[in-house]
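All remarks here apply to the structure that follows.
Here the structure is a predicted model, which means the values were calculated and not measured.
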Amino acid sequence: QVQLVESGGGLVQAGGSLRLSCAASGRTFSSYAVAWFRQAPGKEREFVTAINWSGGTTYYADSVKGRFTCSRDNAKNTVYLQMNSLKPEDTAVYYCNADLTWTRARLPEAYDYWGRGTQVTVSS
């Protein structure tokens with residue numbers, strides 16, 4: 001089992017960029033698919049992107065495709081979310097989570113535990 005900590009959020013103007021990090025503890029991190037989710041005030045948590053164990057496969061929600069890039073460095077036990085061309089509607093708390101199964105990793109309901117997340121605020 002892995003424990004994850006998100007960081008890198010902040011306040012940015014529309015059109016700007018941020019890079020989020022998801023740092024993991026646990027020797028088996030490289031076996032896990034990792035997904036990013038976000039939750040805006042008053043809304044349900046939604047899927048953003050996922051990356052498989054090797055980093056060779058990624059999947060994006062339509063709302064972020066072409067603007068966000070997910071990558072990982074298994075040697076550093078870290079997954080990154082590069083967010084470019086940010087929009088006010090990207091404002092949310094961003095969370096990462098991990099699952100051994102690629103198809104489950106993208107489902108918010110697959111997880112019983114969530115970390116504190118990192119706040120991203122995009123001003124117009």
Residues two or more places apart in sequence or in another chain: which of them pass ring-ring contact (aromatic ring centres under 6.0 Å, His included) with [X]?
X	result
Tyr60	none
Trp102	none
Tyr94	none

- Does Cys70 have any disulfide (SG to SG under 2.5 Å) partners at least two apart in sequence or in another chain, and if so, which? none
- Note on the structure: So ring pair (Phe, Tyr, Trp, His ring centres under 6.0 Å) across residues 105-124, not counting sequence neighbours, yields Phe37-Tyr111, Phe37-Trp114, Tyr95-Trp114, Tyr111-Trp114
- Query: Is the charged tip of Arg72 near the ring of Tyr32: under 6.0 Å from the six-membered ring centre and within 45° of its axis?
  - Reply: no
- Please tell me if the side chains of Phe29 and Thr78 come closer than 4.5 Å, counting only heavy atoms from C-beta onward. no
- Query: Where do Trp36 and Val79 land on the side-chain contact (heavy atoms from CB on, under 4.5 Å) test, with the steps shown first?
  - Reply: CA-CA 9 Å; Trp36 286 94; Val79 170; 3.6 Å; yes
Between [X] and [Y], what is the shortest heavy-atom contact and its length?
X	Y	result
Val93	Arg116	CG1-O, 3.9 Å
Val34	Cys96	CG1-CB, 4.4 Å
Ala105	Asp99	CA-CB, 3.9 Å

- Message: Checking one residue: Val5. Which other hydrophobic residues are in its cluster under the side-chain 4.5 Å linking rule?
- Response: none
- Query: So which residues get pulled into Leu107's cluster when ILVMFWY side chains under 4.5 Å apart are joined, directly or through others?
  - Reply: none
Report the distance from atom [atom1] of [X] to atom [atom2] of [Y], rounding to the nearest 0.5 Å.
X	Y	atom1	atom2	answer
Cys22	Leu81	SG	CG	10.0 Å
Tyr59	Arg106	OH	CZ	5.5 Å
Asn97	Arg104	CG	CZ	10.5 Å

For [X], what residues pass the salt bridge (Lys or Arg N to Asp or Glu O under 4.0 Å) criterion, not counting sequence neighbours?
X	answer
Asp90	Arg38, Arg67
Glu89	none
Lys65	Asp62

- Task: Spell out, yes or no, whether Val64 and Ile51 are grouped together once hydrophobic residues are joined by side-chain heavy atoms under 4.5 Å, including indirect joins.
- Result: yes
- Flag yes if Leu20 and Leu11 sit in one hydrophobic cluster, no otherwise; membership is Ile, Leu, Val, Met, Phe, Trp, Tyr, and two members link when side-chain heavy atoms are under 4.5 Å apart. no
Please check if the side chain of [X] supplies one atom and the backbone of [Y] the other of a donor-acceptor pair under 3.5 Å.
X	Y	answer
Ser54	Gly56	yes
Ser30	Thr28	no
Asn52	Gly55	yes

- Message: For a side-chain contact (heavy atoms from CB on, under 4.5 Å) check, start with the C-alpha distance between Phe68 and Val48, then their side-chain angles and the critical distance, and finish with the verdict.
- Response: CA-CA 9 Å; Phe68 290 12; Val48 176; 3.8 Å; yes
With a 3.5 Å cut-off and sequence neighbours excluded, list the donor-acceptor pairs that the side chains of residues 117-124 form with protein atoms.
| unit_1 | atom_1 | unit_2 | atom_2 | d |
| --- | --- | --- | --- | --- |
| Thr118 | OG1 | Gly9 | N | 2.9 |
| Gln119 | NE2 | Ala92 | O | 3.4 |
| Gln119 | NE2 | Thr121 | OG1 | 3.3 |

- The complete set of side-chain hydrogen bond (donor to acceptor under 3.5 Å, both in side chains) pairs with one or both residues in residues 2-24, sequence neighbours excluded, reads Ser17-Asn84
